[in-house]
Amino acid sequence: MQTDYLESSFLGSKEAARSMPKEVLPDEGMNPDTAETLVNHIRLNEAKADQNLATFCTTQMEPQADRLMLGSLETNAIDKSEYPKTTAMENYTISMVAHMWNIGEGKKLFQDFIGTSTVGSSEGCMLGGLALLHSWKHRAKAAGLDIDNLHEHKPNLVIMSAFQVVWEKFCTYWNVEMREVPMDENHMSLNTDTVMDYVDENTIGIVGIQGITYTGRVDDIQKLDELVSEYNQTAKLPIKIHVDAAFGGFFAPFVDGFKPWDFRLKNVASINVSGHKYGMVYPGIGWIVWRENTEDYLPAEMRFSVPYLGSSVDSIAINFSHSGAHIVAQYYNMIRFGREGFTAIMNNVRSVSQRINQELKDLGIFEIINDGSQLPINCWKIADNVELTWNLYDLEDKLKEYGWQVPAYPLPVSLEDVTISRIVVRPSMTMAICDDFIEDLTRAIDDLNRNHLIHHAS
Ligand SMILES: *Cc1c(COP(=O)(O)O)cnc(C)c1O
């Protein structure tokens, strides 16, 4: 029998000597402090955020933001009648994001353009794609196409082949044909020589990617916009562009080196971004903006109004209830950093990415796929003329021994024989962390090379 004094000691408790419940809800509960300790024990091995160079997602916010989030975790973002001030912050942020993407001076939310917060870019892409699909249906019907005849008029979406998986989900869920413009050695982003060959009257739109997940490159959306303008002059059904700027959308506005990619281009209908990537909020937030608040951009059937939360509440999002904490945190970041702050942070990120690029080049065995001069993503492969007894998967494993996560993976269709490694430089990767990484990278490569010698000497 357990005595009272032991109850205050976790180490002496019966729970400390038990495995965790894993399959069925346990019959008995436990003291909250014990439960907290145990949950923290389970999480011991996953909290090395600064060494995770694989993720795009924010792992560090300021304590002030943490406090704001803790204080608003219980709010429900979609309940606009109960939380009108969270809604106000959502709207202020949509407006700031739209202007950051050059929606046009003096343009006003709702009056001129429209947008919403989302759970992340996936929901943003889904909404952007659906708006293209539904507005195509209206145009196609008006032009006399029998859109119920899927044999002849199955809608299609044109995108380069290194898309993020959400676009595959979009096409599968909504029965849209995905037309992939393949990558090749000379076209690591959208091939603008061939993209228009994929377009026909059933094309709902083209996706431009301002930050390709696989390689960190950007599509030439300016060129794409020209091609679309030219096409639309004579097309039976004019098309529009959706820009997937999941990680570029909060980076490109603040640093040099990008061609116009946003609402400066007239065929860009909508843009999405993840607030939890370079928007520097913890996972669970994204944004989408449509250039005009009109039927043609966001058809009526995508705008819902629900009466049962008090006053009538408008909803565009696919997801319904979720915490308002992320909206509060995003708004905090907007006013806390301002343009100047975002610019300083993103330029630091770029310096780190360029330093890594220099080190990778100096090693003399890699060919650089993305050099960090635009988006801060470092990608490389083993140079064709270099003979090694290890590959990038071995390097991934070796770096793991030092605690670093640096994934190796094959490129998508038509370049699947090419294996690359990728580092996502996030704002939390300071130069000090970068120095540490470089040291370990050098050691890991030495280890791999030496292992080989020992192996052969024996
Ligand atoms: C990360 C990413 C997504 C998905 O974003 P989530 O915010 O994780 O849902 C979509 N597109 C691109 C290009 C991405 O990099």
Side-chain angles (χ1 to χ4, degrees), residues 52-59 77 93 97 101 115-132 157-173 178 180-181 183 188-190 205-221 224 241-252 258 261-262 268 270-289 317-319 322-323 326-327 329-330 333 349 353 369-370 372 374-379 407 409 411-412 420 422-427:
N52 180 352
L53 310 188
T55 184
F56 284 93
C57 286
T58 302
T59 51
T93 308
V97 167
W101 294 335
T116 182
S117 72
T118 59
V119 173
S121 277
S122 297
E123 191 186 9
C125 294
M126 225 31 108
L127 290 168
L130 281 171
L132 291 179
L157 179 77
V158 176
I159 190 168
M160 65 88 75
S161 60
F163 50 81
Q164 210 267 357
V165 66
V166 65
W167 292 108
E168 212 174 336
K169 294 184 188 172
F170 169 78
C171 288
T172 307
Y173 293 169
M178 178 177 265
E180 292 178 46
V181 185
M183 292 170 97
M188 290 287 199
S189 56
L190 182 72
I206 304 178
V207 173
I209 312 180
Q210 180 68 4
I212 297 167
T213 320
Y214 282 85
T215 59
R217 296 276 184 101
V218 294
D219 285 343
D220 187 346
I221 299 169
L224 178 64
I241 300 168
H242 172 82
V243 178
D244 179 358
F247 62 94
F250 260 111
F251 187 88
F258 295 96
W261 60 276
D262 53 19
V268 169
S270 46
I271 306 175
N272 71 271
V273 70
S274 301
H276 50 231
K277 292 183 178 175
Y278 290 89
M280 299 188 291
V281 177
Y282 297 133
I285 185 121
W287 303 91
I288 178 166
V289 175
I318 295 176
N319 200 72
H322 61 99
S323 173
H326 297 83
I327 289 171
Q330 185 80 74
N333 275 356
V349 169
S353 183
I369 305 287
N370 198 57
Q374 287 191 304
L375 292 172
I377 313 298
N378 295 93
C379 289
Y409 52 88
L411 287 177
I420 67 170
R422 183 191 74 185
I423 289 178
V424 177
V425 180
R426 292 178 288 131

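When a ligand or atom number is given, it counts from 1 through the structure's own listing order.
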### Message
What I'd like to find out is whether the side chain of Val349 reaches to under 4.5 Å of the side chain of Phe251, using heavy atoms alone.
### Response
yes
### Close side-chain approach of Leu224 to Ile241, heavy-atom, < 4.5 Å
yes
### Query
Lys277 heavy atoms, cut-off 4.0 Å: which ligand 1 atoms fall inside?
1 (C), 2 (C), 3 (C), 5 (O), 14 (C), 15 (O)
### Query
Taking side chain as C-beta onward, heavy atoms only, is Glu123 less than 4.5 Å from Thr116?
no
#### Entry: Contacting atoms of ligand 1, where contact means under 4.0 angstrom from a heavy atom of Ala246
2 (C), 3 (C), 10 (C), 11 (N), 12 (C), 13 (C), 14 (C), 15 (O)
### Summary
Note: Phe163, heavy atoms under 4.0 Å from ligand 1, region reported as neither
### Message
Which residue and atom name correspond to the protein heavy atom nearest atom 11 (N) of ligand 1, and how close is it?
### Response
Asp244 OD2, 2.7 Å
### Message
Does only the side chain of Glu123 get under 4.0 Å from ligand 1, or the backbone, or both, or neither? Count heavy atoms.
### Response
neither
## Note on the structure
Under 4.0 Å from one or more heavy atoms of His276, ligand 1 contributes atoms 6 (P), 7 (O), 8 (O)
#### Entry: Nearest option to atom 9 (O) of ligand 1, as decided by whichever heavy atom of Gly211, Gly120, Cys125, Ser122 sits closest
Ser122
### Message
I need the nearest protein heavy-atom contact for atom 6 (P) of ligand 1: residue, atom name and distance, please.
### Response
Ser121 N, 3.5 Å
### Query
At the 4.0 Å heavy-atom cut-off, does Phe56 count as touching ligand 1?
no
### Message
Using side-chain heavy atoms (C-beta onward) and a distance below 4.5 Å, is Ile318 in contact with Leu127?
### Response
yes
### Query
Checking Lys277 against Phe56: charged group under 6.0 Å from the ring centre and within 45 degrees of the axis?
yes
## Note on the structure
One finds that the ligand 1 atoms under 4.0 Å from a non-hydrogen atom of Phe247 are 15 (O)
### Message
Strictly distance-based, threshold 3.5 Å: is any side-chain N or O of Arg422 a donor or acceptor partner for the main-chain N or O of Thr213?
### Response
yes
### Summary
side-chain contact (heavy atoms from CB on, under 4.5 Å) with Asp219: of Val207, Ile159, Ile212, only one passes, and it is Ile212
### Side chain, backbone, both or neither: the part of Ser274 lying under 4.0 Å from ligand 1 by heavy atom
side chain
### Query
Any side-chain heavy atom of Phe247 sitting closer than 4.5 Å to one from Val424?
no
## Note on the structure
One finds that the ligand 1 atoms under 4.0 Å from a non-hydrogen atom of Gln164 are 2 (C), 3 (C), 4 (C), 10 (C), 11 (N), 12 (C), 14 (C)
